[in-house]
Number of protein chains: 2
Amino acid sequence: MGFEYICKKKNKDCMFSKACEYGIRASIFIATKSSEGVRVGIKDVAKEIDSPEPFTAKIMQILTKSGIIHSAKGVGGGFEVSNQALRSIKLIQIVDAIDGDSIYKGCGIGLKECSEVHPCPVHNQFKKIRELLLTMLTTTTLEELALGVNSGDFHLKIFSQNK
Amino acid sequence: MGFEYICKKKNKDCMFSKACEYGIRASIFIATKSSEGVRVGIKDVAKEIDSPEPFTAKIMQILTKSGIIHSAKGVGGGFEVSNQALRSIKLIQIVDAIDGDSIYKGCGIGLKECSEVHPCPVHNQFKKIRELLLTMLTTTTLEELALGVNSGDFHLKIFSQNK
DNA sequence: CATATAAAAGACAAATTTATCTTTAATTAG
DNA sequence: CTAATTAAAGATAAATTTGTCTTTTATATG
Ligand code: FES
Ligand code: FES
């Protein structure tokens, strides 16, 4: 009937863009390795988080430019997070660098801006959700996420072993 | 440097797709008019919510097929919500019909599925946010949103009067 | 210095989402 | 029945996001 292509987003699991999802997963993986003092190349990153390698490479460029991840070219090079950065980097920095701040600042139903003095009908409801999201993003560190993965309690892809 | 086009989503105010944002705004507007016993045409809808008319028409087709909004062709036709539906329709029905359930079911960082037994590093944090979102969507009725607009406290576009 | 390695950069291509335009079908009024 | 009106349907087109490939640059090592 001509509108099937609108319905039901293909980019499932929205909230963040694919680019941002890859960026978060990659950062966490790099963090797990950096905590063990190991640099990783883009190939390993993509394999470990199950993402398209060239696209992931592009995203890494954003993260290195943003100073979130450090990179080194040449033999023995790769990506790493400094021990100090590991503790200080918050999830919000990654999201900000890739998707910007619209997810926690923009109006939930697309008004050009979200404002208290000219609120949309869902403003009050949305505000609570965005505030919870913002709090989560600003308080969660790369380190705690990496620790969870290192401990084996949390995972960066499905079918870790056999795929 | 070749990756500017990745960075900073153009579709600001994510969470929902544009289609879904328009769908919600349109539904609320139609509800405000239906509560006054008035049918509205697609032209009025698009003007009132500041959305592209043909695209909005497509979205209305989804909503009518889904039984959320009623439509009538011909002279004096247009869109309306029955008085009974006004009270029973929840926001989640609109979101489900247009974007599907990924926003409150999918993994926050893109694992193929969100699961308790194989959680991603942000699973616990995200769960809370998605639960709040889901509660909001399942409890908010079209009627209460329409009432807010009718009372003048909430708005469906910016620059209501002069644009 | 020459070579190998690995990220950065740039150009391009595919997929998805958003937007537009034209034609068709249904309904009301005269 | 005819004309006018309005949504539905269908076909395209534009914009954006996602994904790929090639070339360049930086670095370490022999
Ligand atoms: S105005 Fe819509 S969420 Fe604030
Ligand atoms: S597994 Fe990622 S949010 Fe549940």
Side-chain angles (χ1 to χ4, degrees), chain A residues 1-14 16-23 25-26 30 38-47 49-66 69-80 98-100 102 110, chain B residues 1-23 25-26 30 38-46 49-66 69-80 98-100 102 110:
Chain A
M1 257 129 45
F3 57 70
E4 296 81 1
Y5 60 93
I6 293 183
C7 229
K8 316 288 180 183
K9 291 184 292 187
K10 296 286 164 55
N11 180 4
K12 296 293 182 189
D13 39 66
C14 204
F16 302 128
S17 68
K18 277 281 162 215
C20 195
E21 291 177 351
Y22 297 150
R25 303 220 299 272
I30 292 162
V38 178
R39 272 187 189 155
V40 283
I42 188 64
K43 215 157 196 156
D44 298 307
V45 172
K47 199 197 298 173
I49 70 170
D50 191 19
S51 68
E53 189 194 312
F55 191 48
T56 309
K58 282 293 173 201
I59 295 155
M60 290 317 300
Q61 290 177 30
I62 301 174
L63 294 176
T64 53
K65 279 274 165 188
S66 308
I69 305 286
H70 177 253
S71 75
K73 288 183 180 177
V75 181
F79 298 96
E80 67 186 339
I98 302 173
D99 276 353
S102 53
Chain B
M1 257 127 46
F3 57 71
E4 295 79 2
Y5 59 94
I6 293 181
C7 229
K8 316 288 179 181
K9 292 184 292 189
K10 296 286 164 57
N11 179 7
K12 295 294 180 189
D13 39 66
C14 201
M15 197 73 97
F16 302 128
S17 68
K18 277 278 160 217
C20 195
E21 291 177 353
Y22 297 150
R25 302 219 300 270
I30 293 163
V38 179
R39 271 186 190 159
V40 282
I42 187 63
K43 214 156 196 156
D44 298 307
V45 172
I49 70 171
D50 191 20
S51 68
E53 190 194 312
F55 191 49
T56 309
K58 283 291 172 202
I59 295 155
M60 291 316 301
Q61 290 176 30
I62 300 174
L63 295 175
T64 54
K65 280 272 165 187
S66 309
I69 304 287
H70 178 252
S71 74
K73 287 181 181 179
V75 180
F79 299 95
E80 68 186 340
I98 302 173
D99 275 354
S102 53

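Reminder, nothing fancy here: chain letters follow the sequence lines and each chain counts from 1. Quantities reported herein were computed from a predicted structural model and do not represent experimental measurements. Hydrogens, waters and symmetry mates are skipped; everything else that's a heavy atom, side chains included, is used.
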Checklist entry - For B:Tyr22, which residues count as a ring-ring contact (aromatic ring centres under 6.0 Å, His included) partner, sequence neighbours excluded? => result B:Phe55

Checklist entry - Could you state the CZ-C1' distance from A:Phe55 to C:dT16, rounded to the nearest angstrom? => result 12 Å

Checklist entry - So which heavy atom on A:Thr56 is nearest to which on A:Ala46, and how close? => result OG1-CB, 4.5 Å

Checklist entry - C:dA6 phosphate, OP1 or OP2: any side-chain N/O from A:Ser71 under 4.0 angstrom? => result no

Checklist entry - Can you check the B:Asp99 CG to C:dT17 C1' distance for me, whole Å? => result 11 Å

Checklist entry - Rounding to a whole Å, what distance do you find between B:Arg39:CZ and C:dA26:P? => result 17 Å

Checklist entry - If you look at every strand shown and take non-hydrogen atoms under 4.0 Å, does A:Pro52 touch a base, only sugar-phosphate, or nothing? => result sugar-phosphate

Item to check | Summary of side chain to side chain donor-acceptor pair (under 3.5 Å) pairs that have at least one residue in residues 71-80 of chain A, sequence neighbours excluded | outcome: A:Arg39-A:Glu80, A:His70-A:Glu80

Shorter than 3.5 Å, N or O on both sides, protein versus nucleotides 4-6 of chain D: list them out with atom names.
| residue | atom | partner | partner atom | Å |
| --- | --- | --- | --- | --- |
| D:dT6 | O4' | B:Gly74 | O | 3.2 |
| D:dT6 | O2 | B:Gly74 | N | 3.4 |

Checklist outcome for this item: Between CD1 of A:Ile62 and P of C:dG10 the distance, given in whole Å, is 14 Å

Item to check | D:dA9 OP1/OP2 closer than 4.0 Å to side-chain N/O of B:Lys65 | outcome: yes

Checklist entry - D:dA8 P sits how many Å from B:Lys58 NZ, rounded? => result 10 Å

Next on the checklist: Quick check on C:dT18: is either OP1 or OP2 less than 4.0 Å from any side-chain nitrogen or oxygen of B:Tyr22?
Outcome noted: no

Checklist entry - Which heavy atom in B:Phe16 sits nearest to a heavy atom in B:Glu21, and how many Å separate them? => result O-OE2, 3.7 Å

Checklist entry - Nearest heavy-atom pair of A:Ile69 and A:Ile30: which atoms, and what distance? => result CG2-CD1, 4.2 Å

Checklist entry - In whole angstrom, what separates A:His70's NE2 from C:dA6's P? => result 16 Å

Checklist entry - For A:Gln61 and C:dG10, what is the distance between atoms CD and P respectively, to the nearest whole Å? => result 9 Å

Checklist entry - So, for A:Gly23 and A:Ile59, which heavy atoms are closest and what is the spacing to 0.1 Å? => result CA-CG2, 3.8 Å

Item to check | Shortest non-hydrogen separation from A:Ser17 to A:Asp99 and the atoms involved | outcome: OG-OD1, 2.6 Å

Next on the checklist: Whole angstroms only, please: what is the NZ-C1' distance between B:Lys18 and D:dA15?
Outcome noted: 13 Å

